[in-house]
Amino acid sequence: MDPLAVKNLTGLVAATFTPLNPQGEINLSVIGPYIDYLIEKQGVNSIFVNGTTGESMSLSVEERKTLANDWCKKAKGKMDHVIIHVGCMSLKDSQELAIHAAQIGADGIAVISPSFFKPRSAEVLRTFLQEVASVAPSLPFYYYHIPAITGVNVLVRDLLEDIEKVIPSFRGVKFSGSDLMDFGQCLSYSQPQWSFLYGMDEQLIAALAMGANGAVGSTYNYIGSNMNELISAFEKGDIAKARTIQFKMQELLSFAMKLGFDLGVNKQLMSVVSGLCLGPPRLPVMQCSDAHALSIAEKLRRLFPEH
């Protein structure tokens, strides 16, 4: 079967954390239980590996290959989609990771914009993405838009212009930006085989109203079941219920942000809520105290008592 003919990427996708041991080395032993936890406890059946949440830019190419291989191997037959983020500052590194993702049976690849030497236009960014996609033409290809991190504010709608002509494997965007006008124009231009997944967890309901096909985010690791309820309520037309869940989620994140909420805190929170030992983040991100994460976990359990 043509791998590009597989079903569209929809619903919730957990942006996975990278398990490290106390010495800061990758810890593959956690990945199997992590996959089971997402499926059984959160109802999340797709993952986005080695992205921002996965600390990809703090990992070596070899570490990213090792992780991608293990996630793919252990998720096979269990999960619907394993998308491997292969974006790097170096085109050659991105291509190496893309080729590897095809070899290990990933369900798709995603690429972030380079952010040290930044593309100066949509055309330049499209050319960079084309060069990565061309070495793994059998894999569905997604652009990962996160301007707050990259500082690259190219409108995604401009990037999409005739993109299928230069990247035949193009299948959509992980849109982690707050510009809902740009997002809406992307959806207005979208082709049937494309998926637009929203990446700002705190305003998912707004993206659904625009027509988002799903969402990729870090919080879906530990409140995926609740956000699945939000999507289900929205699809049934119960906007009041969907809004209530979204407001609770916003209250949680607002509380966390006032305490201090970065990747290190988020990773520790996931460890506390799930019981998985994900270890510390890698420098320069700092590990937070157990008390800090426990305080946020207690707030989560008050808002979502089933946790």
Side-chain angles (χ1 to χ4, degrees), residues 4 8-13 15 46 48-54 56-57 81 83-89 91 94 98 107-134 136 139-218 220 231:
L4 291 174
N8 285 17
L9 180 58
T10 59
L12 286 189
V13 182
S46 294
F48 187 91
V49 173
N50 290 345
T52 305
T53 303
S56 60
M57 296 304 168
H81 296 272
I83 308 301
I84 306 296
H85 172 245
V86 301
C88 298
M89 296 303 100
L91 172 61
S94 291
D107 298 300
I109 53 174
V111 174
I112 200 171
S113 171
S115 58
F116 188 84
F117 294 115
K118 296 177 174 61
R120 65 178 184 270
S121 67
E123 183 180 2
V124 176
L125 177 55
R126 192 185 306 116
T127 302
F128 179 89
L129 300 178
Q130 177 188 6
E131 288 294 313
V132 181
S134 68
L139 283 183
F141 182 90
Y142 302 88
Y143 168 55
Y144 176 13
H145 178 64
I146 183 165
I149 297 292
T150 63
V152 176
N153 291 297
V154 170
L155 291 173
V156 181
R157 175 60 185 85
D158 291 345
L159 178 73
L160 295 181
E161 195 67 35
D162 292 329
I163 197 168
E164 68 277 12
K165 294 179 182 176
V166 295
I167 307 177
S169 57
F170 181 79
R171 290 297 178 270
V173 177
K174 179 191 176 192
F175 194 106
S176 295
S178 58
D179 186 347
L180 286 171
M181 180 172 172
D182 187 24
F183 187 65
Q185 289 190 303
C186 290
L187 284 157
S188 177
Y189 181 73
S190 182
Q191 309 300 309
Q193 70 274 25
W194 295 357
S195 295
F196 284 85
L197 302 151
Y198 199 60
M200 306 287 282
D201 306 9
E202 65 273 19
Q203 52 195 46
L204 172 58
I205 193 172
L208 292 174
M210 284 285 185
N213 305 106
V216 184
S218 61
Y220 309 140
I231 293 172

Tell me, with the steps shown, if Leu129 and Phe141 meet side-chain contact (heavy atoms from CB on, under 4.5 Å).
CA-CA 9 Å; Leu129 300 178; Phe141 182 90; 3.8 Å; yes

Before you tell me yes or no, could you show the steps for Ser113 and Tyr144 under side chain to side chain donor-acceptor pair (under 3.5 Å), namely the whole-Å CA-CA distance, both residues' side-chain angles and the distance that decides it to 0.1 Å?
CA-CA 7 Å; Ser113 171; Tyr144 176 13; over 6 Å; no

Please test Phe128 against Leu91 for side-chain contact (heavy atoms from CB on, under 4.5 Å), starting from the C-alpha separation and ending with a verdict.
CA-CA 7 Å; Phe128 179 89; Leu91 172 61; 3.8 Å; yes

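Counting heavy atoms from C-beta on, the side chains of Arg126 and Ile163 come closer than 4.5 Å. The side-chain heavy atoms of Ser190 and Phe196, taken from C-beta on, include a pair separated by under 4.5 Å.
Note that the NE2 atom of His145 and the OH atom of Tyr198 stand 9.0 Å from one another [nearest 0.5 Å]. Atom CD1 in Ile83 sits 11.5 Å away from atom CZ in Arg171 (nearest 0.5 Å).
A donor-acceptor pair is defined here as one N or O able to donate and one able to accept, closer than 3.5 Å; such a pair exists between the side chain of Ser56 and the backbone of Gly51. Between the side chain of Thr150 and the main chain of Ser115, no donor-acceptor pair closer than 3.5 Å is present. A distance-only check finds a donor-acceptor pair linking the side chain of His85 to the backbone of Asn50 [under 3.5 Å]. For Asn213 (side chain) and Leu208 (main-chain N/O), no donor-acceptor pair under 3.5 Å exists by modelled atom type.
Using cut-offs of 30° and 60° for the angle between ring planes, the Trp194 and Tyr189 rings count as tilted.
For Glu164, the CD atom is densely surrounded, since the number of other residues' heavy atoms within 6.0 Å is greater than 12.
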Return all side-chain donor-acceptor pairs below 3.5 angstrom for residues 175-187, not counting sequence neighbours, or 'none' if the list is empty.
| from | atom 1 | to | atom 2 | distance (Å) |
| --- | --- | --- | --- | --- |
| Asp179 | OD1 | Met181 | N | 3.1 |
| Asp179 | OD1 | Asp182 | N | 3.0 |
| Asp182 | OD1 | Val156 | N | 3.4 |
| Asp182 | OD1 | Arg157 | N | 3.1 |
| Asp182 | OD2 | Val156 | N | 2.9 |

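For the pair Lys174 and Tyr143, the cation does not sit on the ring face, since its NZ or CZ is not both under 6.0 Å from the ring centre and inside 45° of the axis.
When every heavy atom of Ser46 is checked against every heavy atom of Leu9, the shortest pair comes out as OG-CD1, 4.2 Å.
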